[in-house]
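The structure appears right after this line, and notes come after that.
Because the structure is predicted, anything quoted here is derived from the model rather than measured. Counting begins at 1 with the first residue of the sequence.
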Amino acid sequence: MRFFQICFLVLCLCACQPKEYTLHLVGDSTMADKENPEFNPEFGWGQVLPEFFDGNVTIVNHAKNGRSTKSFIEEGRWHQVMDDLNVGDYVFIQFGHNDQKTNKPERYANAYSGYRANLEKMITEVKAAAATPIIFSSIVRRNFNADGVLEDTHGAYPFVARTIAKEMNVPFVDMQVSSEKLVNELGDEPSKALYLWVPADTNDYFPKGKQDNTHFSKQGAQAMCQLALDEMKKYRFNFLNHLKK
């Protein structure tokens with residue numbers, strides 16, 4: 001009888017242990033970790049994601065500056081992600097900024113052909129590894145015209161990402177829509193605080209200043225991270241139970 005009591009207690013203890021989750025981030029500079037974060041005012045939203053979770057969620061950020069679906073695969077970075085992947089892991093996939101660069105043949109992937117095929121490959125391989133792929137559309141660029149209208153710069157890429165996610169029955173996080181709403185609500189001037197706008201002679205990392213409407217300040221990275229988490233809540237992923245209160 002004592003043996004069965006001990007077994008029961010062990011099972012209870014195991015059941016009470018919080019499950020651990022690993023999130024793999026795959027994308028471009030808007031998601032990537034930046035060098036010298038103690039001095040560098042630029043942050044990727046994936047870089048600040050660990051701040052939002054307790055110790056039961058591990059973030060592995062594979063995202064790299066300047067990468068598209070094409071270059072990420074061709075450089076062997078996707079192969080490394082798959083090598084690191086374990087059953088039950090999650091893979092956040094966010095590309096588009098660099099896939100659209102027709103002047104960079106090593107990066108360019110047509111939205112309806114190469115980009116689509118590359119996302120399909122990633123989704124298929126993650127599913128085959130018994131992990132969960134999550135597709136993210138790109139975050140809006142701060143591109144206000146002379147009339148104060150925020151203009152789109154991503155063309156068909158968010159639409160294709162959304163379409164593939166629906167066709168392949170995987171979660172889709174529409175960062176294009178949510179970030180566009182946030183930037184529009186803030187307006188032209190206030191929204192600069194979210195992006196890498198650094199006045200000259202105020203920061204040793206950019207002594208001549210910086211006016212960048214694609215990449216984020218730490219405040220912007222945190223805001224985009226919160227948008228991503230809010231969007232993911234509609235899927236009720238178990239790892240969201242480990243968000244810090």
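- One side chain, H154 or Q176, offers a donor N or O that lies under 3.5 Å from an acceptor on the other.
- The nearest pair of heavy atoms linking A129 to M82 is CB-CE, 4.0 Å.
- If you chain together hydrophobic residues whose side chains sit under 4.5 Å apart, L182 and F216 fall into the same group.
- Judged purely by atom type and a 3.5 angstrom limit, Q100 uses its side chain to pair as donor or acceptor with the backbone of T153.
- Residue D83 places its CG atom among more than 12 non-hydrogen atoms of other residues, nucleotides or ligands, all under 6.0 Å distant.
- Contact of the I73 side chain with the M122 side chain is registered, since non-hydrogen atoms from C-beta on lie closer than 4.5 Å.
- Using a 4.5 Å cut-off on side-chain heavy atoms (C-beta onward), T30 and Q94 make contact.
- Contact annotation: the side chain of F43 never approaches that of S217 to less than 4.5 Å [non-hydrogen atoms, C-beta and beyond].
- In the hydrophobic clustering of this structure, M175 groups with L186; members are Ile, Leu, Val, Met, Phe, Trp, Tyr whose side-chain heavy atoms approach within less than 4.5 Å, directly or through other members.
- A chain of hydrophobic side-chain contacts below 4.5 Å, direct or via other Ile, Leu, Val, Met, Phe, Trp or Tyr residues, connects Y195 to V48.
- None of F92, F95, F172 except one satisfies the ring pair (Phe, Tyr, Trp, His ring centres under 6.0 Å) rule with F136; the exception is F92.
- A salt bridge is defined here as a Lys NZ or Arg NE, NH1 or NH2 lying under 4.0 Å from an Asp or Glu carboxylate O, and E74 with R107 fails to meet this definition.
- Separation of atoms CG (D99) and CG (N118) is listed at 7.0 Å; rounding is to 0.5 Å.
- The heavy-atom pair separating V160 from A111 by the smallest distance is CG1-O, 3.3 Å.
- Residue F159 qualifies as open at atom CZ: its count of foreign heavy atoms under 6.0 Å is 12 or below.
- Using a 30° and 60° split on the angle between ring planes, H62 and H24 fall in the parallel class, below 30°.
- N145 is linked by a side-chain hydrogen bond (donor to acceptor under 3.5 Å, both in side chains) to E151, counting only residues two or more places apart in sequence or in another chain.
- Heavy-atom minimum distance, A109 versus Y157: O-OH, 2.8 Å.
- Side-chain contact between L229 and F53 is present, with heavy atoms from C-beta onward closer than 4.5 Å.
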- Message: Could you go through E125 and W78, starting from their C-alpha distance and side-chain angles, then the distance that decides it, and tell me whether this counts as side-chain hydrogen bond (donor to acceptor under 3.5 Å, both in side chains)?
- Response: CA-CA 10 Å; E125 292 182 3; W78 178 250; 2.7 Å; yes
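- Considering only heavy atoms from C-beta on, I134 comes within 4.5 Å of V173 through its side chain.
- For the atom pair L49 CG and N61 CG, the distance stands at 8.5 Å (nearest 0.5 Å).
- Distance CD/E167 to CD1/I123: 9.5 Å, rounded to 0.5 Å.
- Atom CG of N56 sits about 9.0 Å away from atom OH of Y21, to the nearest 0.5 Å.
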- Query: Hey, mind stepping through V177 and E231 against side-chain contact (heavy atoms from CB on, under 4.5 Å) and telling me if it holds?
  - Reply: CA-CA 10 Å; V177 168; E231 287 291 307; over 6 Å; no
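- Side-chain atoms of D28 and H97 form no donor-acceptor pair, as typed in the model, at a separation below 3.5 Å.
- The minimum heavy-atom distance between W45 and M31, with the atom names listed, is CZ2-CE, 3.5 Å.
- One finds a salt bridge joining D174 and R162 here, because a Lys/Arg side-chain nitrogen approaches an Asp/Glu carboxylate oxygen to under 4.0 Å.
- The shortest distance between side-chain heavy atoms of V126 and Y90 does not fall below 4.5 Å.
- The environment of CD in E185 is crowded: more than 12 heavy-atom neighbours from other residues, nucleotides or ligands sit within 6.0 Å.
- Atoms CZ and CG, from F72 and N98 in turn, are 12.0 Å apart once rounded to the nearest 0.5 Å.
- Judged by distance alone, the side chain of S178 and the main-chain N or O of L227 form no donor-acceptor pair under 3.5 Å.
- Nearest heavy atom pair, residue H242 against residue N238, reads CD2-O, 4.2 Å.
- Of the possible polar contacts, one joining the D152 side chain to the G155 backbone as a donor-acceptor pair under 3.5 Å is found.
- A distance of 10.0 Å separates CG of D84 from OG1 of T22, quoted to the nearest 0.5 Å.
- Under a cut-off of 6.0 angstrom, the local environment of NZ in K64 is sparse, with at most 12 non-hydrogen atoms contributed by other residues, nucleotides or ligands.
- Using a 4.5 Å heavy-atom cutoff, the side chains of I135 and P171 are not in contact.
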- Message: Run T132 and D89 through side-chain contact (heavy atoms from CB on, under 4.5 Å) and show every step you take.
- Response: CA-CA 6 Å; T132 302; D89 287 356; over 6 Å; no
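- Between D188 and R142, at least one side-chain nitrogen of the basic residue sits less than 4.0 Å from a carboxylate oxygen of the acidic one, meeting the salt-bridge criterion.
- Other residues, nucleotides and ligands contribute at most 12 non-hydrogen atoms within 6.0 Å of the NZ atom of K208.
- For the pair K233 and Y235, the cation-pi criterion (under 6.0 Å, within 45° of the ring axis) is not fulfilled.
- Within 6.0 Å of the CG atom in D204, the count of heavy atoms belonging to other residues, nucleotides or ligands does not exceed 12.
- Taking the side chain as every heavy atom from C-beta outward, L23 and F239 approach each other to under 4.5 Å.
- Closest of all the heavy-atom pairs between N36 and Y205 is ND2-OH, 3.3 Å.
- Remark: the backbone N or O of R67 is not paired with any side-chain donor or acceptor of S71 at under 3.5 angstrom.
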- Between R141 and L150, does a side-chain contact (heavy atoms from CB on, under 4.5 Å) hold up when you go through it step by step? CA-CA 9 Å; R141 292 186 176 95; L150 184 63; over 6 Å; no
- Task: For N184 and K181, run side-chain hydrogen bond (donor to acceptor under 3.5 Å, both in side chains): C-alpha distance rounded to whole Å, both residues' side-chain angles, the deciding distance at 0.1 Å, then the answer.
- Result: CA-CA 5 Å; N184 263 322; K181 181 181 178 183; over 6 Å; no
- Task: Tell me, with the steps shown, if H215 and S29 meet side-chain hydrogen bond (donor to acceptor under 3.5 Å, both in side chains).
- Result: CA-CA 7 Å; H215 302 100; S29 57; 2.7 Å; yes
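- Between K218 and E51, at least one side-chain nitrogen of the basic residue sits less than 4.0 Å from a carboxylate oxygen of the acidic one, meeting the salt-bridge criterion.
- K34 and N65 are linked by a side-chain donor-acceptor pair at a separation below 3.5 angstrom, with hydrogens and angles left out of the test.
- Linking Ile, Leu, Val, Met, Phe, Trp and Tyr whenever their side-chain heavy atoms come within less than 4.5 Å puts F52 and V91 in one cluster.
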- Item | Derivation of the side-chain contact (heavy atoms from CB on, under 4.5 Å) call for T69 and L119 | CA-CA 7 Å; T69 56; L119 287 183; 4.1 Å; yes
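- A donor atom on one side chain and an acceptor atom on the other are found under 3.5 Å apart for W197 and N213.
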